[in-house]
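Position 1 is the first residue of the sequence, and the numbers go up from there. Since we're looking at a predicted model, the values are computed, not measured.
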Amino acid sequence: MPQSFDAIIIGAGIIGNAIAFELSKKGYKTLSVDSKGDSGHGSTSGSCAIIRVHYSTFEGTAFAYEGYFYWKNWNDYLQFVDERGLATFKETGCLIMQTQANNYLEKHIKICDELQIPYQQWNREKIENKLPHYNLEQFYPPKLQEEKNFGLSNGKHLKSGIFFPTAGYVTDPALSAHNIQRAAENTGATFLFNSTVAEIIQSNNRVEGICLANGDKYTASIVVNVAGPWSSKINQIANVTKDMMITTRPLKQEVVHINAPKSIDFENNGFVISDSDVGVYCRPEKGNNILIGSEDPPCDAHQWVEDASDYDQNFTEQWRTLVLRYAQRVPELEISTKTRGVVDLYDTTEDWIPIYDCSSLKGYYMACGSSGNQYKNAPIAGKMMAKLIEYCEDNNNHDRNPCKFLLPYINKTINVGFYSRRRKINKDSSFSVLG
């Protein structure tokens, strides 16, 4: 006889675990199912785990600023100590270069003023004082290494940036997912690993549970798809894609790890930097390494993947391109011939804004398209999804009358319909990993 639960969460990454945690605290009997062997071993483990508050939209910025406080107060959020230890949030701050590509952050500054997010304006002298190894020549637009004039200055210099003190990074994203798993288990949640979902059981347009690839069945009146790069496949299995105007698709990403110059203690003195003039972001990494990723400028072709279970996990020339673009800023950088870093998949939507929503199938919910810029929002996303599920299960029509959700730390209410699967592509988005 199938085991029965109130809610089944497909995916034990950091957002899936946060949803399980919040539902379990509300008294739901939850089962989290994941094809991997442990929490956070999918795209969560490949996350750069940057905590930042700047986004291209008001809703995205408010959500991220709210999320910051959970990392700042990690122990208070969990109310449980994982035997593996707790993930560490290093609050280094984040500098965003004011560039032509981001319209000198005019929109971001306006949103941050409205939300009373603290920031500092750094002029060129301040940046050079904080980053004495930096070359502030402009190289816009970002280019591939084989393009004409790659590495040549356009004759101008960066003049300023915005520094956000409420930012940094988490040193071990997989551990943070495990922390939430243990906190969820402490409130009654159940986790099942090495298990692949093969069927979404349904009847009369109502979800009834799942069937695994090995034939095991589990019943529940609520199923939540938080499967990361596998989310589109799960939605197809559930047959809920017909009314979706926003969809998800797995995207291959390459992130560089490279030694910092010996003269720079970047691990202890560095901070997160976003630089659209050269099309990269970076943060400190353990071992005095620098982590470098692409900000998705037009020159960086997207590497879409058809099957999240079968893709080329090798680095390409993109690795060297990112290193060389960052070397425009740090001329002392040694260009290694050994590729190191992370090759993984992101689960992305057309406008890089996630789907947090119900579906055309009653009881079936989605937290999809969240890779690249939602790791930092996992705790508050879990709370919002729990609220949305309660709202819909109380027979409210979220599509017609969207759920409203209070962000408790910053005392702002947002319209959850902002994340609808049926929304139009949001033209205010950066259309990049920046969100």
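- Here the straight-line distance linking atom CG of Asn377 with atom CD1 of Ile380 works out to 8.5 Å at 0.5 Å rounding.
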**OP:** Evaluate side-chain contact (heavy atoms from CB on, under 4.5 Å) for Asn225 paired with Cys368, printing each intermediate quantity in order.
**Re:** CA-CA 7 Å; Asn225 178 6; Cys368 307; 3.8 Å; yes

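- Judged by distance alone, with hydrogens and angles left aside, the side-chain atoms of Asn102 form a donor-acceptor pair with the main-chain N or O of Thr99 at under 3.5 Å.
- Interatomic distance, NE2 of His41 versus CG of Asn194, reported as 10.5 Å (0.5 Å rounding).
- Residues Ile246 and Thr349 come closest through the heavy atom pair CG2-CB, 3.6 Å.
- In this structure, His302 NE2 and Asp296 CG are separated by 4.5 Å, a value rounded to the nearest 0.5 Å.
- Among Ser370, Ser231, Ser371, the single residue meeting the side chain to side chain donor-acceptor pair (under 3.5 Å) criterion with Asp347 is Ser231.
- Within a 6.0 Å radius of NZ in Lys72, other residues, nucleotides and ligands contribute 12 heavy atoms or fewer.
- A donor-acceptor pair under 3.5 Å links the side-chain atoms of Gln79 to the main chain of Asp76, judged by distance alone.
- Using a 4.5 Å heavy-atom cutoff, the side chains of Phe164 and Cys112 are in contact.
- Side-chain N or O atoms of Ser276 include none that pairs as donor or acceptor with a backbone N or O of Gly279 at under 3.5 Å.
- Here the side chains of Lys286 and Glu267 are in contact, with some heavy-atom distance below 4.5 Å.
- When ring centroids are compared, Phe163 and Phe271 come within the 6.0 Å threshold.
- Looking at Asn373, its side chain never comes within 3.5 Å of a backbone N or O of Leu434 through a donor-acceptor pair.
- Closest non-hydrogen pair, Val226 versus Gly16, comes out as CG1-N, 3.5 Å.
- Residues Arg325 and Asp300 are paired through a salt bridge, judged by an N-O separation under 4.0 Å between the basic side chain and the carboxylate.
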Subject >> Worked check of side-chain contact (heavy atoms from CB on, under 4.5 Å) between Asn129 and Trp122 >> reply: CA-CA 10 Å; Asn129 178 263; Trp122 284 12; over 6 Å; no

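- The aromatic rings of Tyr77 and Trp74 sit tilted, their planes meeting at an angle between 30° and 60°.
- With hydrogens and angles left out, the side-chain atoms of Gln116 and Tyr65 include no donor and acceptor closer than 3.5 Å.
- The existence of a salt bridge linking Asp172 and Arg84 is excluded, since no basic side-chain nitrogen approaches an acidic carboxylate oxygen closer than 4.0 Å.
- Note that the CD1 atom of Ile258 and the CG atom of Asn289 stand 8.5 Å from one another [nearest 0.5 Å].
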**OP:** In sequence, state the C-alpha distance, the side-chain angles, and the governing distance for Tyr326 and Val256, and then conclude on side-chain contact (heavy atoms from CB on, under 4.5 Å).
**Re:** CA-CA 10 Å; Tyr326 186 69; Val256 170; over 6 Å; no

Original post:
Given Gln303 and Glu254, is the side-chain hydrogen bond (donor to acceptor under 3.5 Å, both in side chains) satisfied, shown in steps?
Top reply: CA-CA 10 Å; Gln303 303 178 62; Glu254 301 178 36; 3.3 Å; yes

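- The residues Arg182 and Glu185 are annotated as salt-bridged, a charged nitrogen and a carboxylate oxygen being separated by less than 4.0 angstrom.
- Checked against Tyr375 for a ring pair (Phe, Tyr, Trp, His ring centres under 6.0 Å), the options Trp71, Tyr169, Tyr346 give a single hit: Trp71.
- For the pair Glu66 (side chain) and Tyr409 (backbone), a donor-acceptor distance under 3.5 Å is present.
- For the residue pair Gly46 and Asp344, the shortest heavy atom distance occurs at CA-OD2, 3.5 Å.
- Residues Ser232 and Thr247 are not in side-chain contact: their nearest non-hydrogen atoms beyond the backbone lie 4.5 Å or more apart.
- How far CD of Glu334 is from CG of Asn259: 7.5 Å, rounded to the nearest 0.5 Å.
- Glu317 has no carboxylate O lying under 4.0 Å from a charged side-chain N of Arg320, or vice versa, which leaves the two without a salt bridge.
- Here the side chain of Lys107 pairs a donor or acceptor atom with the backbone of Asp428 at under 3.5 angstrom.
- Here Glu306 pairs with Arg249 in a salt bridge; the nearest charged N to carboxylate O distance falls below 4.0 Å.
- In terms of modelled atom types and a separation under 3.5 Å, the side chain of Arg329 and the main chain of Asn135 share a donor-acceptor contact.
- The two atoms that bring Gly209 and Ile8 nearest to each other are CA-CD1, 4.4 Å, heavy atoms only.
- Counted by atom type alone, Gln98 and Ser160 present one or more donor-acceptor pairs between their side chains at under 3.5 Å.
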**OP:** Under the side-chain contact (heavy atoms from CB on, under 4.5 Å) rule, what do Met97 and Val278 come out as? Steps first, then yes or no, please.
**Re:** CA-CA 10 Å; Met97 300 299 187; Val278 291; over 6 Å; no

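- A cation-pi arrangement, defined by a distance under 6.0 Å to the six-membered ring centre and an angle within 45 degrees of its axis, is absent between Lys387 and Tyr391.
- Rounded to the nearest 0.5 Å, atoms SG (Cys403) and CE (Met385) are 10.0 Å apart.
- When atom types are taken as modelled, the side chain of Asp357 and the backbone of Val416 share no donor-acceptor pair closer than 3.5 angstrom.
- For Asn17 (side chain) and Ala177 (main-chain N/O), a donor-acceptor pair under 3.5 Å exists by modelled atom type.
- Ring planes of Phe191 and Phe193: parallel class, angle under 30° (limits at 30 and 60°).
- Checking each of Tyr365, Phe405, Phe63 against Tyr419 for a ring pair (Phe, Tyr, Trp, His ring centres under 6.0 Å) leaves exactly one that passes, namely Phe63.
- Counted within 6.0 Å of NZ on Lys404, heavy atoms from surrounding residues, nucleotides or ligands total more than 12; the atom is thus considered enclosed.
- Without hydrogens or angle criteria, Ser24 side chain to Thr187 main chain gives a donor-acceptor distance under 3.5 Å.
- Contact between Ser429 and Asp351 at its shortest, heavy atoms only, is OG-O, 2.6 Å.
- The shortest heavy-atom contact between Phe266 and Ala260 is CB-CB, 3.9 Å.
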